Trainee: 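Dropping the structure in here first, questions after.
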Amino acid sequence: MSEELRHEAEATLAAHQEVGKELEPQLVDQFADRVEQEIERRAQELARQRRPSAAHNAPMIPLALGSLGIAIPLMAIAGGIAGLAGIIAVCIAIVFVNVLWTARR
């Protein structure tokens with residue numbers, strides 16, 4: 001429990017003893033709201049810590065392998081039919097598709 005939340009709990013208990021039963025529901029509601037806020041803050045902090053870094057490349061592996069798998073036969077066909085110009089066209093097309101895919105993510 002954070003120090004601030006502990007002090008708030010102690011203050012709520014002290015206020016409860018002073019004000020009595022008539023204001024008890026308001027004190028309980030205020031303390032419950034504070035506890036909920038603290039839980040939400042901690043959950044957001046944990047979510048930030050668990051986010052993968054920008055350098056995490058695991059989702060890009062299928063794209064890279066797929067690009068290589070498609071590029072090899074396409075380059076062979078394009079090279080046989082159109083020569084160097086066909087190979088360059090295939091390379092440009094694959095780079096274009098990869099850039100668009102990455103930008104979309």
Side-chain angles (χ1 to χ4, degrees):
M1 181 183 280
S2 71
E3 198 64 32
E4 181 181 331
L5 192 57
R6 182 181 308 272
H7 288 297
E8 190 154 341
E10 291 170 356
T12 301
L13 288 173
H16 169 69
Q17 292 172 351
E18 291 177 17
V19 297
K21 294 280 185 189
E22 58 273 352
L23 293 179
E24 182 178 339
Q26 289 88 355
L27 291 173
V28 171
D29 288 342
Q30 286 177 339
F31 184 69
D33 289 342
R34 178 65 181 110
V35 169
E36 288 175 1
Q37 290 172 358
E38 181 68 17
I39 291 170
E40 181 65 28
R41 184 192 66 78
R42 289 182 185 187
Q44 289 175 354
E45 184 178 313
L46 283 174
R48 269 194 307 273
Q49 291 173 356
R50 290 184 181 168
R51 283 194 188 123
S53 66
H56 185 64
N57 290 332
M60 299 302 290
I61 291 174
L63 178 65
L65 293 176
S67 294
L68 288 174
I70 291 172
I72 293 169
L74 286 178
M75 285 172 117
I77 294 168
I81 295 174
L84 182 60
I87 293 173
I88 292 172
V90 167
C91 290
I92 290 172
I94 290 173
V95 168
F96 181 70
V97 168
N98 286 324
V99 168
L100 286 178
W101 176 261
T102 305
R104 194 180 93 187
R105 294 186 82 219

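Since we're looking at a predicted model, the values are computed, not measured. Quick note: residue numbers are just sequence positions, from 1.
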Trainee: Run through the side-chain heavy atoms of Ile, Leu, Val, Met, Phe, Trp and Tyr, join any pair under 4.5 Å, and report what else lands in Leu84's cluster.
Mentor: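 Ile88, Ile92, which link up through side-chain heavy atoms under 4.5 Å apart, make up the rest of the cluster.
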Trainee: Does Leu74 sit in a hydrophobic cluster with other residues, and if so which ones, taking ILVMFWY side chains as linked at heavy-atom separations under 4.5 Å, directly or through other members?
Mentor: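 Via sub-4.5 Å side-chain contacts, Leu74 links to Ile70, Met75, Ile87, Val90, Ile94.
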Trainee: Hey, what else clusters with Ile77 if you join Ile, Leu, Val, Met, Phe, Trp, Tyr whenever side-chain heavy atoms sit under 4.5 Å?
Mentor: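 Besides Ile77, the cluster holds Ile81.
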Trainee: Taking side chain to side chain contact (heavy atoms under 4.5 Å, CB included) as the test, write out the residues that go with Glu10, two or more places apart.
Mentor: Arg6, His7
Trainee: Can you sort out the partners of Arg41 under side chain to side chain contact (heavy atoms under 4.5 Å, CB included), two or more places apart, ordered by chain and number?
Mentor: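 Residues passing side chain to side chain contact (heavy atoms under 4.5 Å, CB included) with Arg41: Glu38, Glu45.
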Trainee: Residues in side chain to side chain donor-acceptor pair (under 3.5 Å) with Glu40, at least two apart?
Mentor: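 Scan of Glu40 (side chain to side chain donor-acceptor pair (under 3.5 Å), adjacent residues dropped) gives Gln44.
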